[in-house]
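Starting from 1, each residue takes its place in the sequence as its number. Every value quoted in this text rests on a predicted model; they were computed, and no experiment measured them.
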Amino acid sequence: MTEAAPNFDNDRRVLAEMMPRAEEFAIQSGGDMRTMAIRPEDTENFPGQTGVVVKGEPISVEGVDYIAGTVVESYNELKQNIRERSPETLSKIGELLEAGENVILVTSHGNLIDPAIALAAVSSLLREQGYKFEIAISLGKMIALLERKVDQGDGKAEYMAMVAVMQMLCDETYLSNPPNSESVKTGLREKMPEVIEEQNQLSKEAMIRGLDRGGVLLAMASSGTTHKLIDAKNHLLGKVSGGTADIMSHEKTHVVTVAMDIDGDGEYGDTYIDLISEPEQLTGREQVDEMMSYMGSWMTAKATGGKKYIYQAAEKAAEKVKRNKK
């Protein structure tokens with residue numbers, strides 16, 4: 001399947017269904033984000049509102065670090081921590097990429113921007129060491145409706161389309177609506193199933209083409225959704241979809257598990273980004289679920305105050321066992 005000519009009417013319908021959820025995120029951000037108008041035909045000023053792949057051109061390491069530092073105050077410290085804690089893992093990632101293999105940074109997803117911040121830090125560290133590779137990210141289509149406040153210096157700040165910010169970080173940004181994504185929680189999948197399925201398939205095929213080329217550092221929050229808060233102490237990590245599991249199991253691809261909390265306030269744990277696994281090749285659904293369960297267990301051990309992170313698939317499996325025993 002190849003991407004067809006833009007259907008702006010379908011784009012407008014999809015985006016209109018996503019808008020209420022995007023507005024919720026904007027409100028929750030406390031002014032750091034705001035929503036954009038729906039104008040898919042204006043690809044320059046409203047990137048990502050049509051199509052599933054947005055091309056970009058990464059700016060300098062200094063530029064990436066500056067922007068990331070204006071978005072997350074502790075970014076430079078977090079980046080330095082990765083440099084100090086995981087030098088061997090970084091070297092392995094760089095060597096794999098230069099050998100034509102791919103590496104996926106699979107992040108937790110407590111904050112909407114987690115994959116982008118992890119990718120900024122790791123890609124910058126690798127570029128500083130002289131490694132050459134392509135940079136890509138997989139995100140939910142809803143970000144095409146959001147702008148992010150970016151400090152311009154001298155106390156001035158401007159809002160930029162979040163996809164435009166990704167264009168400065170990545171060679172390619174892939175947009176989709178996985179089953180657990182924020183956008184489909186509005187019922188979009190039931191209202192426009194054929195359109196959503198086509199967009200997801202096109203996005204998956206585009207990612208596979210990129211991985212087939214090799215030498216790609218790709219970031220994704222594989223759960224497809226931010227953590228579901230069961231209560232103040234319990235966070236549910238969404239189940240990885242079948243399509244995402246296929247991407248993670250690509251034959252030329254190695255996965256690195258990235259646990260992170262860029263909103264740590266000290267009560268339930270501090271701010272951190274940690275590479276908690278070496279690059280490893282996964283062979284299918286079972287290993288993907290094991291990796292996500294490990295992420296939840298690791299983050300639970302890291303947290304304080306009784307905070308827990310539970311992987312949804314593991315939780316459902318446990319409930320099924322309980323029912324079968326009754």
Side-chain angles (χ1 to χ4, degrees), residues 15 18-19 21-40 42-50 53-82 105 107 109-128 135-175 182 217 219-221 226 258 260-265 271 273:
L15 294 168
M18 295 180 186
M19 183 61 81
R21 186 63 176 149
E23 289 172 341
E24 289 181 24
F25 272 96
I27 292 170
Q28 292 167 9
S29 76
D32 288 337
M33 293 188 293
R34 69 182 186 186
T35 55
M36 303 173 62
I38 297 175
R39 296 177 185 168
D42 186 353
T43 56
E44 181 176 352
N45 296 307
F46 297 83
Q49 290 196 358
T50 193
V53 183
V54 181
K55 298 288 186 178
E57 185 173 346
I59 60 176
S60 68
V61 168
E62 294 78 13
V64 168
D65 286 347
Y66 175 78
I67 292 175
T70 69
V71 173
V72 177
E73 185 176 348
S74 58
Y75 168 79
N76 289 319
E77 179 183 350
L78 294 170
K79 177 182 171 182
Q80 180 63 21
N81 287 342
I82 296 173
L105 304 176
T107 75
H109 207 13
N111 190 301
L112 191 66
I113 62 173
D114 279 353
I117 295 301
L119 181 61
V122 173
S123 65
S124 291
L125 287 165
L126 293 171
R127 291 169 70 189
E128 287 172 351
I135 305 172
I137 193 167
S138 175
L139 296 169
K141 182 80 171 181
M142 188 185 68
I143 74 154
L145 287 171
L146 290 167
E147 293 179 311
R148 177 81 195 192
K149 186 186 291 184
V150 177
D151 183 12
Q152 304 296 314
D154 298 326
K156 299 178 181 178
E158 293 182 3
Y159 283 97
M160 294 182 61
M162 287 186 68
V163 175
V165 177
M166 293 302 99
Q167 288 177 290
M168 293 190 290
L169 170 63
C170 302
D171 295 285
E172 290 189 331
T173 298
Y174 305 111
L175 302 173
E182 301 297 339
L217 179 67
M220 63 166 62
T226 51
V258 183
M260 59 191 297
D261 183 354
I262 60 174
D263 300 310
D265 57 8
T271 300
I273 302 177

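A pairwise comparison of heavy atoms in Met36 and Leu146 identifies SD-O, 3.6 Å as the closest pair. Pairing each heavy atom of Ile38 with each of Leu145, the nearest pair is CG1-CD2, 3.8 Å. Listed here is the closest heavy atom pair of Lys79 and Asp65: NZ-OD2, 2.6 Å. Nearest heavy-atom pair across Ala118 and Thr107 is CB-CG2, 3.8 Å. The heavy-atom pair separating Pro40 from Thr50 by the smallest distance is O-CG2, 3.6 Å. Minimum heavy-atom separation, Asp171 to Pro58: OD1-CD, 3.4 Å.
Side-chain atoms of Glu172 do not come within 3.5 Å of backbone N or O of Ala136 as any donor-acceptor pair. Side chain of Asp114 to main chain of Asn111: a donor-acceptor pair is present (N/O by atom type, distance under 3.5 Å, no hydrogens or angles). A donor-acceptor pair is defined here as one N or O able to donate and one able to accept, closer than 3.5 Å; no such pair exists between the side chain of Tyr75 and the backbone of Ile67. The main-chain N or O of Glu77 is never found under 3.5 Å from a side-chain atom of Ser74 such that the two would form a donor-acceptor pair. Checked by atom type and distance alone, the side chain of Ser124 never pairs as donor or acceptor with a backbone atom of Ala121 at under 3.5 Å. Here the side chain of Glu147 pairs no donor or acceptor atom with the backbone of Arg34 at under 3.5 angstrom.
Here the OH atom belonging to Tyr66 is positioned 11.0 Å from the CD1 atom belonging to Ile59, to the nearest 0.5 angstrom. Atoms CG and CG, from Leu112 and Asp32 in turn, are 12.0 Å apart once rounded to the nearest 0.5 Å.
Ile273 places none of its side-chain heavy atoms less than 4.5 Å from the side chain of Asn81. Inter-residue side-chain proximity for Val72 and Ile113 is flagged as met; some heavy-atom pair is nearer than 4.5 Å.
Every residue two or more places apart in sequence or in another chain was checked for a salt bridge (charged side-chain N to carboxylate O under 4.0 Å, His left out) with Arg127, and none qualifies.
For Glu24, the CD atom sits in a packed shell: over 12 heavy atoms of surrounding residues, nucleotides or ligands are nearer than 6.0 Å.
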Pairs under 3.5 angstrom only: tabulate donor-acceptor contacts from the side chains of residues 157-169 to other protein residues two or more places apart or in another chain.
residue, atom, partner, partner atom, Å
Tyr159, OH, Gly31, O, 2.5
Gln167, NE2, Lys55, O, 3.0

